[in-house]
There are 2 protein chains.
Amino acid sequence: MGLTKTANFTERQNKLALMLKAVAHPARIAIIDHLLKANECITGYLVEVTGLSQATTSQHLRELKEAGLLKGTIEGTSMNYCIDQVKWKENAAILKTFFIDVKFDETCC
Amino acid sequence: MGLTKTANFTERQNKLALMLKAVAHPARIAIIDHLLKANECITGYLVEVTGLSQATTSQHLRELKEAGLLKGTIEGTSMNYCIDQVKWKENAAILKTFFIDVKFDETCC
DNA sequence: CTTGTATAATGCAATATTACGATTAATAAT
DNA sequence: ATTATTAATCGTAATATTGCATTATACAAG
């Protein structure tokens with residue numbers, strides 16, 4: 001099997017899971033960390049940041065882009081990546097509701 | 001080869017990735033959603049919440065517990081789960097720094 | 001035209017994840 | 001004692017992920 005039963009869950013739950021999954025890898029967090037500091041960066045330098053091969057780094061970038069977290073624009077012969085600020089803020093708002101704006105009014109087990 | 005190179009990354013990056021990975025599944029989000037509403041819940045009912053088998057649900061609960069997100073206490077013949085409020089708030093603080101307290105001072109690509 | 005650089009695409013091997021049925025272990029009820 | 005209930009674990013199968021080598025493509029610069 002190994003096949004997540006998305007039909008059992010709400011669209012919100014499935015989408016949130018996909019977004020979190022895209023972030024949930026140390027190499028991809030390292031890429032995001034760097035882009036948050038540097039604002040933008042080309043693939044070649046991000047290969048150095050991850051310490052992984054060009055091919056592997058490229059795949060991580062693709063995953064982040066597919067999840068809508070990054071944008072990339074062609075710059076001469078290079079690809080220039082940066083955070084997609086609009087989508088980032090949308091995701092931040094969702095995470096804020098889910099994770100931070102929680103008040104526990106009872107103690108428990 | 002299917003083996004994440006944790007040595008390439010900081011402890012913070014690795015830990016954050018592990019925590020996010022634990023949350024990044026719709027069944028586990030559904031479990032957390034329910035526990036945030038209901039405060040506490042036994043395994044049997046969480047099986048209904050996920051719509052998955054008892055065995056699969058039990059594994060998801062174990063993963064959340066190992067990641068420190070849930071606590072479980074034996075209650076008669078049942079297992080009573082709830083959010084680990086202390087760890088939850090720690091994680092929320094980390095996520096707040098990473099995701100929400102970000103200000104983009106420049107536009108980009 | 002050739003060489004070097006950057007990215008993309010494909011294929012492979014190792015490992016991880018998802019899910020289930022069957023089993024086990026422990027307690028509760030008859 | 002036996003049976004039912006509850007939850008965890010084991011074994012298995014299907015699928016996904018991670019990472020690299022290799023190849024392909026495009027565009028500089030020399």
Side-chain angles (χ1 to χ4, degrees), chain A residues 1-9 13-14 17-31 35 40-67 70-82 109, chain B residues 1-9 13-14 17-31 34-35 40-67 69-82 109:
Chain A
M1 319 187 175
L3 213 175
T4 301
K5 290 199 164 178
T6 52
N8 286 25
F9 309 103
Q13 288 165 342
N14 285 315
L18 281 180
M19 189 267 285
L20 291 175
K21 204 158 132 188
V23 186
H25 189 286
R28 297 196 286 269
I29 290 175
I31 289 170
L35 286 175
E40 57 185 16
C41 195
I42 59 166
T43 307
Y45 190 68
L46 290 172
V47 170
E48 293 180 41
V49 167
T50 62
L52 301 174
S53 74
Q54 178 272 319
T56 306
T57 304
S58 185
Q59 279 192 342
H60 285 306
L61 287 169
R62 187 176 148 205
E63 231 167 304
L64 287 169
K65 206 164 100 183
E66 274 176 3
L70 301 190
K71 287 189 299 181
T73 49
I74 298 165
E75 188 144 309
T77 160
S78 297
M79 192 71 171
N80 198 19
Y81 283 101
C82 69
C109 59
Chain B
M1 296 118 212
L3 214 176
T4 301
K5 290 200 163 178
T6 52
N8 285 25
F9 309 102
Q13 288 165 341
N14 285 315
L18 281 180
M19 188 268 284
L20 291 175
K21 204 158 129 189
V23 185
H25 189 287
R28 297 196 286 270
I29 290 176
I31 289 170
H34 186 77
L35 286 176
E40 57 185 16
C41 194
I42 60 167
T43 306
Y45 190 68
L46 291 171
V47 170
E48 292 180 42
V49 167
T50 62
L52 301 173
S53 74
Q54 180 270 318
T56 306
T57 305
S58 185
Q59 280 192 338
H60 284 305
L61 287 168
R62 186 177 149 203
E63 231 166 304
L64 287 169
K65 207 164 99 183
E66 274 175 3
L69 292 158
L70 301 190
K71 288 189 298 180
T73 49
I74 299 166
E75 187 144 309
T77 159
S78 297
M79 192 71 171
N80 199 18
Y81 283 100
C82 69
C109 58

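So that the names make sense, note that chain A is the first sequence line, chain B the second, and so on, each numbered from 1.
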Chi class for D:dA28: syn within 90° of 0, otherwise anti:
syn

Could you tell me how far apart [X] ([atom1]) and [N] ([atom2]) are, to the nearest whole angstrom?
| X | N | atom1 | atom2 | value |
| --- | --- | --- | --- | --- |
| A:Glu48 | C:dT7 | CD | P | 11 Å |
| A:Leu46 | D:dG19 | CG | C1' | 17 Å |
| B:Leu52 | C:dT17 | CG | P | 17 Å |
| A:Leu64 | D:dT18 | CG | C1' | 14 Å |
| B:Arg28 | C:dA19 | CZ | C1' | 12 Å |
| A:Phe9 | C:dT18 | CZ | P | 11 Å |

[Y] side chain reached by [X] side chain, heavy atoms, under 4.5 Å:
| X | Y | value |
| --- | --- | --- |
| B:Met79 | B:Leu61 | no |
| B:Ile31 | B:His60 | yes |
| A:Thr4 | B:Pro26 | yes |

Could I get the full list of side-chain hydrogen bond (donor to acceptor under 3.5 Å, both in side chains) partners for B:Thr57, not counting sequence neighbours?
B:Thr50

Would you mind classifying the nucleic acid contact of A:Glu63 as base, sugar-phosphate or nothing, using non-hydrogen atoms under 4.0 angstrom?
sugar-phosphate

Applying the 3.5 Å cut-off to both distances, the Watson-Crick or G-U partner of D:dA8 turns out to be C:dT23

Is the shortest side-chain N/O distance from [X] to OP1 or OP2 of [N] below 4.0 Å?
| X | N | answer |
| --- | --- | --- |
| B:Lys21 | C:dT17 | yes |
| A:His60 | D:dT17 | no |
| A:Lys5 | C:dC20 | yes |

Sequence-aligned protein contact record of nucleotides 6-12 of chain D, with B where the base is within under 4.0 Å of a protein heavy atom and S where only the sugar-phosphate is:
SBBB---

Backbone of B:Ile74 reached by a side-chain donor or acceptor of B:Asn80 within 3.5 Å
no

Sequence neighbours left out, what pairs pass salt bridge (Lys or Arg N to Asp or Glu O under 4.0 Å) with at least one residue falling in residues 51-64 of chain B?
B:Arg28-B:Glu63, B:Arg62-B:Glu66

For a side-chain contact (heavy atoms from CB on, under 4.5 Å) with A:Leu35, tell me which candidate from A:Val49, A:Leu64, A:Leu70 qualifies.
A:Leu70

